[in-house]
Amino acid sequence: MGLFITLEGPDGSGKTTTMRLLEEKMKQSGIDFIKTREPGGSPISEKVREIVLGIGNEEMDPRTEALLIAGARRQHVVEKIRPALQAGKTVLCDRFIDSSLAYQGAGRGIGIEEVLNINLFAVGETLPDITFYLDVDAATGLERIAASRGREINRLDKEDISFHDKVQKGYKEIMAMFPSRFKRIDANRTPDEITDEILKLILERLS
Ligand code: TMP
């Protein structure tokens, strides 16, 4: 089985830049991997992403949101993640189950345990081997969210500060629940420093 790696972080943690640089560095290191993302990652799941993140679906109920994302995740796991892992490839996934625990469980207030349960039903045995959490100061994260308001805005970006605050606190709780899987990465540094540290940890795991 290949190594299943996920990258997590609140909005404003620099995750998009980190993913891009990390992908380049993993290629240069000769790692046999696929890169994918959530919500989405497979054709059906990308359609669900449009529904979940689309501006205009503001009346969506929090549990509907959690279930749709878990459904998209199931399809992504079956169609793409599991086959790649079974073929011995490393899978690098931009967000996974922990985003649901943080955003729907903590942010929306459904509860981390409840959201974990529906997600375990969705993914079965397919859980990440290692999860990098981009940890950024709350103030820096919020500044970055404000600064990036010009780019593609999704329905969750539009949530207020208190939502993002709950998400960050949720992540801390989730890290404490799964200490052996999580690696906290100090994201208050340059993109190169961040990705070099992550790459080093990946190469250690693969060797
Ligand atoms: P992105 O900006 O990293 O592509 O993430 C899209 C948004 O989707 C982000 O605001 C977090 C949200 N999200 C959830 O709320 N729950 C989830 O399970 C996932 C994967 C993402």
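First listed ligand is number 1; within each ligand, the first listed atom is number 1.
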Using a strict cut-off of 4.0 Å, indicate which atoms of ligand 1 neighbour a heavy atom of [X].
X: S100; answer: 17 (C), 18 (O)
X: R49; answer: 4 (O)
X: K15; answer: 3 (O)
X: L53; answer: 6 (C), 7 (C), 8 (O)
X: Q104; answer: 14 (C), 15 (O), 16 (N), 17 (C), 18 (O)

Check: F182 ring centroid to F132 ring centroid under 6.0 Å: no
P62: side-chain contact (heavy atoms from CB on, under 4.5 Å) partners, not counting sequence neighbours: R108, I110
For I51, all residues meeting side-chain contact (heavy atoms from CB on, under 4.5 Å), sequence neighbours excluded: N57, M60, L68
Under 3.5 Å side-chain donor-acceptor pair for T190 and E193: yes
When you compare ligand 1 with [X], is there at least one nitrogen or oxygen pair between them that comes in under 3.5 angstrom?
X: R73; answer: yes
X: E38; answer: no
X: R95; answer: yes
X: E65; answer: no

With E197, the salt bridge (charged side-chain N to carboxylate O under 4.0 Å, His left out) member among R184, R189, K25: R189
Among R20, K35, R49, K15, salt bridge (charged side-chain N to carboxylate O under 4.0 Å, His left out) partner for D94: K15
E125, CD atom: more than 12 neighbouring heavy atoms under 6.0 Å: no
Region of T16 that comes within reach of ligand 1 [heavy atoms, distance under 4.0 Å]: neither
Part of M19 with heavy atoms under 4.0 Å of ligand 1, whether side chain, backbone, both or neither: neither
Side chain to side chain, Y103 and R95, heavy atoms closer than 4.5 Å: yes
Proximal candidate to atom 9 (C) of ligand 1 [heavy atom criterion; set D11, D98, L7]: D11
